[in-house]
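Remarks on the structure that follows.
Remember, it's 1-based here, ligands and their atoms both numbered in the order they're listed. Note that the structure is a prediction, hence the values are computed from the model and not measured.
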Amino acid sequence: MSISLAPIHAALEHPLPLDQNCFDEVLAKAREKKGLSLRETALLLSISNPEWRSALFAEAGKIKDEIYGKRIVLFAPLYTSNRCINDCLYCGFRRANTALVRKSLTVEEVRRQAMQLEAMGHKRLLLVAGEHPKEAAATIIAQMVEAIYSSTDIRRLNVNCAPLSIDDFRILKDAQIGTYQLFQETYHPDTYAYLHPSGPKADYFNRLTAMDRAMEAGIDDVGLGVLFGLYDHPFEILALLEHARILEDRYGAGPHTVSVPRLKPAFESALTTVPYSIDDETFKQIVAVLRLAIPYTGLILSTRESAELRNELLHLGISQISAGSSTTPGGYRDGTEQAEDLETKGSQFYLEDHRSLPEVTLSIMEKGFIPSFCTACYRSGRTGEDFMALAKTGHIAQMCDPNALLTLQEYLLDYGDESLQKRGAAVIEQALTQLSEEKAERLRQGMERLRCGERDIYI
Ligand code: SAM
Ligand code: SF4
């Protein structure tokens, strides 16, 4: 697969008229939840009038609510290795960074990190690694996945690792990973070449075609992203939408998720400034526009952003967030010995939200949302094209709401302190009033089963 940049340039160079009529029409089209064209997306990205921005934000929040309800899915990254054979100028793990304290976890160490995350209450993890032919080989990742699934209560393992061959993707598929995530970083070829001077990642095309290989290997949930701040964001977003459209045309399902990482300072980064700095208002606009342009795609936000901004973005279309994260291999301390300077000199980049999982969970509820630890869809085979078909007809929402509430109840019972339990009970009671009598009754029975000690109940 290759992306033709011509339609992207055309949409940017021949914009729709920036007037009230056109803006209203684009918002009306977004309300149909069928996505937006490149030119319509470009129009929404170009607005700066505060009134229009408010209307855009309100629409994004509404569409998020209609499709996802109030659910916010929680996860944590698990870094397995910071050794890397690439030299991405913006990343602390880059090969030329000789000051970085390197560490590749063994399968057993990864399993213990997962247990540590499980003890925090997580059920869904994202395995992350630098690119390395041995230490982040597909066979090693698969062993880690198998070790975690077989000895912890972690229920979904997504993976963010370097592009693989079809055969290697099959190894990950056989190990039953959830989503395979890979960010193109920038879709702009010249910028890409400058920022990725050496190593396999210098091959733009190999990265661009990774999702085709993943899907051909049978991994039907894939996650796209760009690293915001590297190049002009309207170009990046239109290119990402083209990428998503091509995948949908070819494989029947577009990306399951899109992540919105924004460039952050990193230990000994080779970039001294952000090439295309994006302020918070623009970042909010990006999230809102993505929600309208690809309404059924999950939008993932990491702890790269501050707690305040993350809280605001919940209202603009984000559906999954990480919490309690570390970007250092071995960063979740479990009492075992660790090189002293790994903590300060072993991370990929610096985070802004350092709240614990319970703090994030409480804050989500205080903002009127429902924290969800649900992993049911993929374990019930609702992935790829099947997931999208169910999502578009509203069927997913009917399963997700009850499952979110059941997993929240389970989390509260196992990990909640008194204040969290009190707030959670109120959130669950309130949510039950929104369901039909029959559904609410079934859920109450499920909650009772959880209180009696049963676990992992889902629809
Ligand atoms: N090494 C693999 C790769 O590059 O695709 C997989 C994981 S890499 C550790 C995960 C992502 O971190 C990269 O795709 C990049 O977007 C992001 N990243 C790297 N440096 C960053 C920085 N300084 N700030 C924010 N995100 C960064
Ligand atoms: Fe390596 Fe990924 Fe960092 Fe690039 S972004 S240096 S590939 S870990």
Shortest protein contact, [atom] (heavy atom only):
| atom | value |
| --- | --- |
| atom 16 (O) of ligand 1 | Glu185 OE1, 2.5 Å |
| atom 21 (C) of ligand 1 | Phe349 CD2, 3.5 Å |
| atom 7 (C) of ligand 1 | Asn160 OD1, 3.2 Å |
| atom 25 (C) of ligand 1 | Arg304 NE, 3.1 Å |
| atom 2 (C) of ligand 1 | Ala129 O, 3.5 Å |
| atom 3 (C) of ligand 1 | Arg207 NH2, 3.4 Å |
| atom 24 (N) of ligand 1 | Lys264 N, 3.0 Å |
| atom 9 (C) of ligand 1 | Gln348 NE2, 2.9 Å |

Number of protein N, O or S atoms [distance to atom 3 (Fe) of ligand 2 under 2.8 Å]: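 That number is 1, waters not included.
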Considering only heavy atoms of [X], which atoms of ligand 1 have at least one such atom less than 4.0 Å away?
| X | answer |
| --- | --- |
| Arg262 | 25 (C) |
| Leu182 | 5 (O) |
| Lys201 | 3 (C), 4 (O) |
| Val128 | 7 (C), 9 (C) |

Ile300, Leu314, Asp353 screened by side chain to side chain contact (heavy atoms under 4.5 Å, CB included) with Ile321, the one that passes: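 When Ile300, Leu314, Asp353 are each tested with Ile321, the side chain to side chain contact (heavy atoms under 4.5 Å, CB included) holds only for Leu314.
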Identified side chain to side chain contact (heavy atoms under 4.5 Å, CB included) partner of Leu45 from the options Thr41, Leu43, Ile47: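 Passing option: Thr41.
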CE (Met120) with more than 12 external heavy atoms under 6.0 Å: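 Buried by this count: over 12 neighbours within 6.0 Å.
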Tyr194 atom OH, over 12 foreign heavy atoms within 6.0 Å: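 Count not over threshold, so no.
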Numbered atoms of ligand 2 (with element) below 4.0 Å of Lys201, judged on heavy atoms: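 Every atom of ligand 2 under 4.0 Å from some heavy atom of Lys201: 2 (Fe), 4 (Fe), 5 (S), 7 (S).
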Parallel, tilted or perpendicular: ring planes of Tyr231 versus Phe235, cut at 30 and 60 degrees: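 It falls in the perpendicular class, over 60°.
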Ring center gap for Tyr411 and His122 short of 6.0 angstrom: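 Ring centres of His122 and Tyr411 not closer than 6.0 Å.
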Phe369 and His315 aromatic centres sub-6.0 Å: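 Yes, ring centres under 6.0 Å apart.
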Contact with ligand 1 for Gly130, non-hydrogen, under 4.0 angstrom: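 It does; at least one heavy atom falls under 4.0 Å.
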For [X] and [Y], indicate whether the former's side chain and the latter's backbone hold a donor-acceptor pair under 3.5 Å.
| X | Y | answer |
| --- | --- | --- |
| Arg291 | Ile318 | no |
| Lys173 | Gly218 | yes |
| Asp221 | Gly384 | yes |

Ligand 1 contact on Tyr90 by region, counting heavy-atom pairs under 4.0 Å: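 It is both backbone and side chain that touch ligand 1.
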Pair Tyr149-Gln176, side-chain donor/acceptor within less than 3.5 Å: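 No, no side-chain donor-acceptor pair sits under 3.5 Å.
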Polar contact flag, side-chain donor to acceptor under 3.5 angstrom, Arg213-Asn206: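 Short answer, yes.
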Separation of Leu117 CG from Leu78 CG (nearest 0.5 Å):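 Separation between the atoms: 5.5 Å.
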